[in-house]
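The structure presented is a predicted model; accordingly, all values stated were derived computationally and were not measured. Chain letters run A, B, ... following the sequence lines, proteins first, then strands; residues in each count from 1. Heavy atoms only: backbone and side chains are in, while hydrogens, waters and symmetry mates are out.
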Amino acid sequence: MDEHDLGKALQQQVLDAFEKENPLNITGSGSKSFLGHVPHGQTIDVFKHRGIVNYDPRELVLTARSGTPLSKIEATLADAGQILAFEPPHFGNQATLGGTIACALSGPRRPYSGSARDFVLGCQILNGRGEILRFGGQVMKNVAGYDVSRLMAGAYGTLGILLEISLKVLPRPAASITVTHECSAAEAIESMSALLGKPYPVDAACHDGDHCHVRISGSAQAVSEARTKIPGETMPDAETFWAALREHEHPFFDHRNTLYRIMVKPATPPLPIEGSWLLDWGGAQRWLFSRKDFSTIRHCVEQAGGHVSVFRSDDRAVELFQPLPAPLLALHQRIKSGFDPKSIFNRGRLYGNL
Amino acid sequence: MHTHFEAAGVALPYSHENNTILIRSLQNLLPKESVLTDAEDLHPFECDGLSVYRQLPLVVVLPETMEQVQSIMRLCHAQRIPVVARGAGTGLSGGALPLADGVLLSLAKFKRILNIDPRNAMATVQPGVRNLAISEAAAIYGLYYAPDPSSQIACTIGGNVAENSGGVHCLKYGLTVHNILMLKVVTMEGELLTIGAETLDSAGYDLLALMTGSEGLLGIIVEVTVKLLAKPERAQVVLAAFDDVMKAGEAVGAIISAGIIPAGLEMMDKLAIQAAEDFVHAGYPRDAEAILLCELDGTNAEVSEHIMTIRKILTGSGATEVRTAADEAERQLFWKGRKSAFPAVGRISPDYYCIDGTIPRHQLPHVLRRIGEMSAEYGLPVANVFHAGDGNLHPLILFDANKPGELARTEEFSRRILQLCVEVGGTITGEHGVGIEKIDSMCFQFQSAELSQFHSVKAAFDPHGLLNPGKAVPTLHRCAEFGAMHVHHGQLCHPELERF
């Protein structure tokens, strides 16, 4: 892989944009361009700003430039028997680390091992004034200053351009199997919730409409021990199944309606919204294809104490993210203007007024 | 010692008359016994766990409802009175040090566990609930709250959030930031905000991460929802002795390389071992140069499997002795030695100063060698206790505060150790926070533009700078005065110059 440090060139582009108050659309491979509102502004391309800057398996820390392909990072980690424990979806062959962190995307393992943001240890960013800044670091424990690096995760690039990211990485579990049993969504929610109170090394659990699948990963002994305690058949080729679920290539996702992402407490009973449901993250993250409108769905999800966003839709001019209460939105705006006073980065990608 | 605090904002002129008005207004908001003004009542609040810094506050308030906190904050905001929040006061960086012209807001009365929800593996508690009390309340469901700072019997969850507290198990289970879901926070203006959600993420920016570890500078935490985990079936600890600290360091790398993440991995050097052994008789080998304590947890079979592997690795790394705790009592005893290391060192020296840097683990030999050299230079002995799994180093400098100049020398030595941590790619604080103690060392770690970015975050929450002013993030002016040279990638601006 070609390694390039384009930090200075990107800085110059931001300085120019700051000067002219030109909005910039931060782009890597474009694999996440379907997320959030339609980006506008001049493209600033971080795709070629790539390379693994530092990786010592013994430190459990990897530092890479934001344009580094996830596949490259995962292959490098695999050589040392390690993984990105938040199991990020790629949504495209060329998906980059920067886009993954900016969108805070995590896969099936998320409820059991942590989210993309949980594994962020530090980052180097370009803020809206064109300053290159470092926050956090390359160590596990660091409480010096506000946790700006984790704030970047899920900010959709609206606070700055991620240049370099340090992540905690973990050993790949020595063994893994998936057990499957047929049941309703309500029954799956019960059994997945019950597993939260058990000391088994469960690291993924979902209900795909008619089956509950539970993945158990850990030492060989731990897996075979837990296998006897969790009911169901062993799933053949489970790796393919979880990868398809993670990448939205499972047949469930072969659908034309709007895809909603619904977050609730995991034990929440099935919600009474018409549509096609898949429950991931042990019931905590639920995917819904529905013709119902956003506000109807939102009302129902809010009643259950959750929140909802539009994940994939043909119509992206409408509201896509759960609206924020006024004082919280005002706080977001003040934070945004502290990082990006002229609002040049990914204007409106997350919320219209950010 | 610092006596000057930079209170930002436009406070009312500090006068007896204005103070009387403020106290009367507070008495109108709270029951009489919840507003303390007599010197004898204020004394218990004059310091936190870092007792070399002491200051009586103008007034202490002890609200017990969110509404009371909101009205206190509205009043202080309107009158531009600085506010310092305080939990149990166990912090080690002076983060809860009061201000002479400020209100000290104690959350001691917020001590109810509001809800334990085993089906969703979460608990909602008030900020004054003790860390350990959460695990105790969740135990009947087979659940517990993972972060376990050494002060967990006394420290409160609100303070844990403010400091992003860790503990001996954080390599495997994470810090506070990884184990909380939602906060209710009262802003300086008195607004009640919900940050995060009962769900695994929430809409908008990750303000939960921003609030965690913000040392009381962004808001007053009035409710915390934490994640609970299933209690592991079994925990077991292996003790290994080494005749060379470097070999112990190598063993840590070898364990990680073998694909095992121990629940805890602690190292102590000879001085710390001997002090602990003399104090609690943990059964440590007194002649060892270093010991490692490696805790494994999980299912029965998993722990047995890992112990076999770990023993092999430790022996292969040159351990002179490897012992697995025979039973739970011995496991507790092994830990007691480690957990008593600070007071044990306190017994062999009139005073000790605890340092909290984090370094990339492979830098340990270099850092220990440099600390040894500086120890000789300053004539101050150092005992080293190390959270070896995550690189968090706690050198304890032994000194005598009654000897003129020795505290100042100790503080200078401490700053140089922190500077060394930054030079090797680490940080000035792993888990104790910056507080007032390390405010000048922040100038080593961050450049002006980075500090300015922190100030912009602060201003977004608290534009008048009334929340815990003078802590955690230094002003640019302070760094300039401190004569800071910015260390970046280990490069000093003028490495040839002697700075201290």
Side-chain angles (χ1 to χ4, degrees), chain A residues 56-60 81 110-111 114-115 117-118 127 131 133-135 137-148 150-151 153-155 170-171 174 193 196-199 201 218-219 221-222 225-226 263-267 281 284-285 305-307 321-322 324 327-328 331-332 334-335 338, chain B residues 118-121 141-143 164 166 171 178 191 193 197-206 209-210 212-214 230-233 253 256-257 259 261 298-299 301-302 305-306 358 360-362 390-392 425-431 433-434 442 445-446 449-450 453-454 456-457 460 473:
Chain A
D56 176 355
R58 289 180 168 221
E59 296 287 336
L60 297 175
R110 188 266 173 262
S115 63
R117 84 74 137 132
D118 285 343
N127 70 7
E131 294 166 327
L133 311 173
R134 274 184 190 277
F135 298 102
Q138 301 192 25
V139 289
M140 304 284 163
K141 281 164 92 177
N142 185 355
V143 291
Y146 303 119
D147 196 346
V148 171
R150 290 194 178 96
L151 177 67
L170 284 177
S193 159
L196 290 176
K198 303 278 186 238
S219 77
Q221 287 289 338
E225 195 182 14
M263 294 297 296
V264 286
K265 289 188 273 187
W281 292 9
Q285 175 182 249
H307 63 95
F321 294 99
Q322 180 91 11
L324 300 169
L328 211 50
L331 179 58
H332 276 65
R334 293 195 297 270
I335 292 171
Chain B
R119 283 162 48 80
N120 290 300
Y141 306 107
L143 300 169
N164 191 15
L171 176 65
H178 302 109
E191 189 105 49
L193 299 179
E198 290 183 306
T199 50
L200 288 178
D201 49 44
S202 61
Y205 294 149
D206 200 328
L210 201 53
T212 311
S214 61
K231 217 168 148 42
E233 212 165 67
I256 303 291
S257 297
I261 301 295
T299 63
E302 184 180 22
E305 186 185 345
H306 281 163
T358 305
R361 250 187 288 98
H362 69 269
D390 46 42
N392 189 192
T427 173
I428 60 165
T429 175
E431 58 183 358
V434 174
M442 284 287 282
Q445 187 154 346
F446 294 102
E450 291 154 349
Q453 195 69 77
F454 286 146
S456 88
V457 169
V473 181

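- Contact of B/L200 with chain A is made through backbone and side chain together, with heavy-atom distances under 4.5 Å.
- Closest of all the heavy-atom pairs between B/L143 and A/G197 is CD2-CA, 3.8 Å.
- What you find for A/K141 and B/G430 is that their closest heavy atoms are CB-O, 3.4 Å.
- Heavy atoms of B/Q453 lying under 4.5 Å from chain A belong exclusively to its side chain.
- Residues that satisfy the side chain to side chain donor-acceptor pair (under 3.5 Å) test with A/R110, not counting sequence neighbours, are absent from this structure.
- For the residue pair B/A460 and A/L331, the shortest heavy atom distance occurs at O-CD1, 3.3 Å.
- Heavy-atom distances place the backbone of B/P232, and not its side chain, under 4.5 Å from chain A.
- Among B/V457, B/N392, B/L210, B/T199, the residue making the largest number of heavy-atom pairs under 4.5 Å with chain A is B/T199.
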Yes or no on side-chain contact (heavy atoms from CB on, under 4.5 Å) for A/M140 and B/T358, after CA distance, side-chain angles and deciding distance?
CA-CA 8 Å; A/M140 304 284 163; B/T358 305; 5.9 Å; no
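- Note: B/Y205 and A/H332 have parallel aromatic rings, judged against thresholds of 30 and 60 degrees for the angle between ring planes.
- B/N164 pairs by the side chain to side chain donor-acceptor pair (under 3.5 Å) definition with nothing, not counting sequence neighbours.
- Both the backbone and the side chain of B/E198 come within less than 4.5 Å of a heavy atom of chain A.
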Before giving the answer on side-chain contact (heavy atoms from CB on, under 4.5 Å), spell out for A/V148 and B/F454 the whole-Å C-alpha distance, their side-chain angles and the decisive distance to 0.1 Å.
CA-CA 8 Å; A/V148 171; B/F454 286 146; 3.8 Å; yes
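- When heavy atoms are compared at a cutoff of 4.5 Å, A/F321 does not approach chain B at all.
- For A/L324, the part sitting under 4.5 Å from any heavy atom of chain B is the side chain, from C-beta outward, and nothing else.
- With a 4.5 Å cut-off on side-chain heavy atoms, B/H362 and A/R58 do not count as touching.
- Taking 4.5 Å as the limit, every side-chain heavy atom of A/E225 sits out of range of all side-chain heavy atoms of B/E305.
- Of all the heavy atoms in B/G425 and A/V139, the pair that sits closest is O-CG1, 4.1 Å.
- Of the two parts of B/S257, only the side chain, counted from C-beta on, holds a non-hydrogen atom closer than 4.5 Å to a non-hydrogen atom of chain A.
- Within the 4.5 angstrom heavy-atom criterion, atoms from both the backbone and the side chain of A/K265 approach chain B.
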Run the side-chain contact (heavy atoms from CB on, under 4.5 Å) test on A/N142 and B/Q445 for me, step by step, so that the C-alpha distance in whole Å, both residues' side-chain angles and the decisive distance to 0.1 Å come before the verdict.
CA-CA 11 Å; A/N142 185 355; B/Q445 187 154 346; 4.0 Å; yes
